[in-house]
Chemist: 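Here it is, the structure, as structure tokens.
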Number of protein chains: 2
Amino acid sequence: MKTSADLKAEILVALAHPNRIRILELLRKDVMCNCELAPALELEQSNLSRHLKILVQAGILNSWKDGLRVNFKVADDRIFKILNVAAAIARRETEKKAEALEA
Amino acid sequence: MKTSADLKAEILVALAHPNRIRILELLRKDVMCNCELAPALELEQSNLSRHLKILVQAGILNSWKDGLRVNFKVADDRIFKILNVAAAIARRETEKKAEALEA
DNA sequence: AAACTATATGAGCATACACTCATATACTAT
DNA sequence: ATAGTATATGAGTGTATGCTCATATAGTTT
């Protein structure tokens, strides 16, 4: 049986990759398809497709077909809270290291 | 040069493991050392030590020596916001799958 | 100093991940 | 039907991760 920590980890594992974070940031405001994301992110098509699959399977993105294309949108805006806090903590850590160098 | 997505990913990668999440939940209220965490989590000492190192290096935990022991505490309570949102999204996803089974 | 306790780390192993190339599938347009 | 476009996936490769066992290091107690 999956514990609560397992469930949280599944979401975070899906998020925890620079390219998947970049995907989410592009989808912050727009709905986009693989074919629009690939050039914007400069990712190989098959690689991007796999990253998107991971995000959809985790429930972070929704997707639907539109003719040839598959469109993607963020399923739950709260995901950006996670990214904001991660950014804040990373910033703090960067500053701490800068101070350590000065001293 | 590290991008903003890289920095966020570093924090999230450090978080994204069930055992590291369990560590944080034990440290939510208390300061604890490896020797107290190990039996509580039923983790091998060396394994736990490595997980703790990852959390410290990411700036998620602070640590200091106290005699033989090394104590750990959460460096920034905002980390729990991340865990709370991850839990909420995971819960939503679980419910969605349950509905899909009923229908 | 010797025995004991707490933590860290090297080595080795199995597994998971990210990536690429080639190919398959699905839909569209002529 | 044919050619073209968008996406998905199999196979292979290199690297990273998580774990364990054994050992090293650091501090404590007698």
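So that the names make sense, note that chain A is the first sequence line, chain B the second, and so on, each numbered from 1. No experiment lies behind these values; they were computed from the predicted model shown.
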Chemist: Do any side-chain nitrogens or oxygens of Lys53(A) fall under 4.0 Å of OP1 or OP2 in dT9(D)?
Modeler: yes
Chemist: So does Lys96(A) have more than 12 non-hydrogen atoms from other groups sitting under 6.0 Å from NZ?
Modeler: yes
Chemist: Can you build the contact string for nucleotides 20-30 of chain D? Use B for base contact, S for sugar-phosphate-only contact, and - for no protein heavy atom under 4.0 Å.
Modeler: BBB---BBS--
Chemist: Considering only heavy atoms, which members of residues 6-30 of chain A lie under 4.0 Å from some atom of DNA chain C?
Modeler: His17(A), Asn19(A), Arg20(A)
Chemist: Check the distance between dA8(C)'s C1' and Ile54(B)'s CD1 and give it to me in whole angstrom.
Modeler: 13 Å
Chemist: Would you kindly give the CH2-to-P distance between Trp64(A) and dA8(D), to the nearest whole Å?
Modeler: 13 Å
Chemist: Starting from the first five and the last five pairs of the helix from dA1(C)-dT30(D) to dT30(C)-dA1(D), work out the angle between the resulting helix axes, to 10 degrees.
Modeler: 20°
Chemist: Identify the residue among Ile79(A), Leu52(A), Asn71(A), Ile54(A) that makes a side-chain contact (heavy atoms from CB on, under 4.5 Å) with Leu61(A).
Modeler: Leu52(A)
Chemist: Respond yes when some side-chain nitrogen or oxygen of His51(B) is under 4.0 Å from OP1 or OP2 of dT17(D), and no when none is.
Modeler: no
Chemist: Check the distance between dC17(C)'s P and Leu55(A)'s CG and give it to me in whole angstrom.
Modeler: 14 Å
Chemist: Looking at Lys8(A) and Glu25(B), is there a salt bridge between them, counting it only when a charged N and a carboxylate O are closer than 4.0 Å?
Modeler: yes
Chemist: Can you check the Leu61(B) CG to dA8(C) P distance for me, whole Å?
Modeler: 12 Å
Chemist: Might you work through the side-chain contact (heavy atoms from CB on, under 4.5 Å) test for Phe72(B) and Val56(B), ending with a clear yes or no?
Modeler: CA-CA 9 Å; Phe72(B) 297 89; Val56(B) 170; 3.8 Å; yes
